[in-house]
**Q** 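Below: one structure in structure tokens.
Chain letters run A, B, ... following the sequence lines, proteins first, then strands; residues in each count from 1.
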Protein chains: 2
Amino acid sequence: MAVTMNDVARVAGVSLKTVSNVINNYEFIRPATKQRVLDAIDELGYEANLTARSLRSGKTSMIGLVLADLSIPYYAELASDIMKAAWARGYRVLVEQSGNGPGHEKAALQGQFRTLTDGLLFIPLALDAEQIMEAAGKKPLVLLGEYVQDPRLNMVLIQNHRAAAAVTAHLLAGGRRRIAVLGAHDGDTTGSNGLRLEGYKAALADAGVAYDPALVIDCDWRRDGGAEGTARLLDSGVEFDAVFGLNDALALGALHELLVRGRKVPEEIAVAGFDDIDEAKFASPSLTTVAPGRAEIAERAVELLINRIENKDAPLHVQQPQAAFELRIRQSAP
Amino acid sequence: MAVTMNDVARVAGVSLKTVSNVINNYEFIRPATKQRVLDAIDELGYEANLTARSLRSGKTSMIGLVLADLSIPYYAELASDIMKAAWARGYRVLVEQSGNGPGHEKAALQGQFRTLTDGLLFIPLALDAEQIMEAAGKKPLVLLGEYVQDPRLNMVLIQNHRAAAAVTAHLLAGGRRRIAVLGAHDGDTTGSNGLRLEGYKAALADAGVAYDPALVIDCDWRRDGGAEGTARLLDSGVEFDAVFGLNDALALGALHELLVRGRKVPEEIAVAGFDDIDEAKFASPSLTTVAPGRAEIAERAVELLINRIENKDAPLHVQQPQAAFELRIRQSAP
DNA sequence: CTGAAAGCGCTTACAG
DNA sequence: CTGAAAGCGCTTACAG
């Protein structure tokens with residue numbers, strides 16, 4: 001039904017191999033022959049069948065991207081950047097939403113769609129390094145974020161510790177002394193939550209401010225989690241003059257709840273987040289946050305993965321580049 | 001290198017066809033034989049090669065989704081719903097970002113990735129019906145939104161006119177008489193912008209309120225467009241007591257600009273949007289808007305497309321279902 | 001520079 | 001119920 005290379009070969013009066021040579025930009029081909037083939041392709045409206053090409057070449061030119069949910073702005077923005085970076089290198093991205101929980105994450109990682117990809121980009125939330133290595137199989141894999149740390153895995157790191165310390169230092173410099181943290185559990189030391197909490201503690205220590213576990217509120221990393229956590233904090237009677245949401249969604253939820261309760265931001269309570277999603281700039285008041293270098297993360301991750309894909313036989317030289325971060329000071333914590 | 005059906009057949013001591021029968025759940029197969037095959041699959045860790053299956057069967061079980069950019073919340077949320085709906089029916093979604101402008105949209109639509117899909121979901125922004133039909137080729141196609149209207153195309157409709165009228169009527173019922181519109185050009189009648197503007201006009205007429213073109217502000221459908229349009233409006237000296245952003249991004253941009261300029265929302269100026277993106281609920285003040293039935297749109301679009309894919313030979317019975325909308329009244333326009 | 005042939009890993013008539 | 005064979009549309013050694 002569809003036009004094939006055979007049809008093109010027949011119309012152009014050449015062999016299949018010659019058509020293939022033209023399509024794949026083989027150098028040594030007579031200009032006249034090449035032109036005849038191109039004309040035939042044009043005339044017939046031939047389009048290469050990527051499925052057949054993949055089966056034969058063993059390469060799909062697709063990379064898988066496993067993340068929790070595209071409706072979460074940070075992931076959506078990162079996915080958009082990743083798709084652009086991949087596209088620029090001739091790859092396409094197949095997104096797989098893992099939803100919540102380790103079970104789903106594992107299933108997503110092992111899904112049949114893997115046979116359609118040359119390698120995998122993965123933003124882990126629940127699985128640890130061992131589980132990831134077991135579930136991911138043997139195709140090239142690059143992790144994003146810093147939920148797991150393991151010297152055997154390629155990953156692009158966010159400077160969670162240093163960036164969180166920078167946010168905290170900024171709040172301290174603004175005179176805040178009772179800075180609540182949303183999105184961590186007192187004692188966390190690993191994962192984005194733990195590393196950011198540690199950065200927060202380090203900045204407090206640097207400034208000689210005491211750490212108070214009562215200011216650390218565990219809640220879901222979403223807007224409603226931030227609102228709910230803030231409500232709990234307000235109801236508890238614990239005093240605080242700033243809120244540091246460990247991601248922007250938390251901070252925006254906090255902002256909402258504080259304003260609903262008639263608290264003035266930033267006069268009474270400063271608010272800061274982490275991620276610099278597009279929305280942060282247009283919140284009212286606009287949100288002070290830290291940009292973890294999203295475009296760079298996307299770029300490096302794609303680059304790393306494609307390097308692994310195209311140099312399968314090269315010795316596995318694990319790389320863990322860090323993206324540069326940048327503090328974005330806005331109205332919510334000037 | 002990878003385990004194939006042949007390996008499974010050898011280990012199980014059956015023919016290739018028998019393995020295929022087991023994998024494809026062919027009914028009439030001796031239980032003992034089936035078990036032997038399943039054991040072999042387990043033992044070898046066999047995974048079906050989807051590329052080979054696609055090439056042979058002529059079916060990829062993937063649907064393409066062409067939209068402007070995943071970093072735009074409305075599209076990201078819609079894409080997430082579409083992926084879930086498709087997944088539930090055994091299909092995977094390949095997202096293609098078209099960026100801005102008709103040229104890019106056309107290129108995205110015609111891209112090579114089409115050979116990897118069984119059909120296409122498309123959210124048009126710039127192309128008209130003729131251009132779409134020409135560019136899309138002959139695979140099943142379903143449009144989302146209501147940018148184009150054409151009886152020859154399958155599409156899931158948003159009730160732009162009625163929903164925009166409902167928002168406007170709500171603002172009028174709140175006593176507003178000078179309602180600015182962001183995101184349309186005076187005189188627009190087609191596309192989401194035109195249809196929503198017409199709905200706005202109809203509601204004004206119903207209430208006996210005069211239409212004033214000076215209140216219609218043309219700007220990009222993004223947060224910064226809304227902020228910039230609102231700034232222009234404020235600077236122009238035109239009086240207004242409400243702003244209707246034709247999507248939520250515009251309304252949120254307007255909200256930001258109004259608050260920056262010290263205007264009280266909703267006391268002085270009410271603000272309403274269109275889309276009900278997640279963010280609307282957590283803005284401060286929270287945003288009154290209309291939910292166009294995102295989940296239903298995703299569901300119906302996927303259903304329609306898969307129906308076309310799986311009943312290719314059925315006569316083309318064009319369908320254009322409408323999703324139900326719902327007004328969400330929040331603080332910005334109570 | 002170009003051709004004839006094999007084969008990637010499946011599914012699908014066709015037999016039995 | 002099961003087997004032997006063909007073929008989906010490409011790419012890739014192998015010749016010449």
**Q** Take a 6.0 Å sphere around NZ of B:K106 and say whether it holds more than 12 heavy atoms from other residues, nucleotides or ligands.
**A** no

**Q** Taking for each residue the nucleotide of DNA chain D bearing the nearest heavy atom, is the 5' side occupied by B:P31 or by B:R56?
**A** B:P31

**Q** Given atom CG of A:L16 and atom P of D:dA13, what is their separation to the nearest angstrom?
**A** 16 Å

**Q** On DNA chain D, nearest-nucleotide positions of B:T33 versus B:L55: which is more 5'?
**A** B:T33

**Q** Are OP1 or OP2 of D:dT11 and a side-chain N or O of A:N24 less than 4.0 angstrom apart?
**A** yes

**Q** Have B:D39 and B:Q35 got a donor and an acceptor in their side chains that come within less than 3.5 Å?
**A** yes

**Q** Applying the Watson-Crick and G-U wobble criteria at under 3.5 Å, what pairs with D:dA4? Answer none if nothing qualifies.
**A** none

**Q** Go through D:dT2, D:dA4, C:dC10 for me and flag the one nearest to the B:K17 side chain.
**A** D:dA4

**Q** Let me know the distance between CG of B:L116 and C1' of D:dG9, rounded to the nearest Å.
**A** 13 Å

**Q** Could you tell me whether the phosphate oxygens of C:dG3, OP1 or OP2, come under 4.0 Å of any side-chain nitrogen or oxygen in A:T18?
**A** yes

**Q** Does D:dA13 have a Watson-Crick or wobble mate here (both distances under 3.5 Å), and if so which one?
**A** none

**Q** Does a side chain donor of either A:D69 or A:S71 reach within less than 3.5 Å of an acceptor in the other side chain?
**A** yes

**Q** A:R30 CZ to C:dG3 P: how many Å, rounded?
**A** 10 Å

**Q** Let me know the distance between CZ of A:R10 and P of C:dG3, rounded to the nearest Å.
**A** 15 Å

**Q** Tell me: CD1 of A:I23 to P of C:dT2, nearest whole Å?
**A** 15 Å

**Q** Which nucleotide wins on minimum distance to the side chain of B:S15, given the candidates D:dA4, D:dT12, D:dC10?
**A** D:dA4

**Q** Let me know, please, whether B:T4 or A:N21 comes out on the 5' side of the other along DNA chain C by nearest nucleotide.
**A** A:N21

**Q** Indicate whether the side chain of A:T115 and that of B:N49 have a donor and an acceptor atom separated by less than 3.5 Å.
**A** no

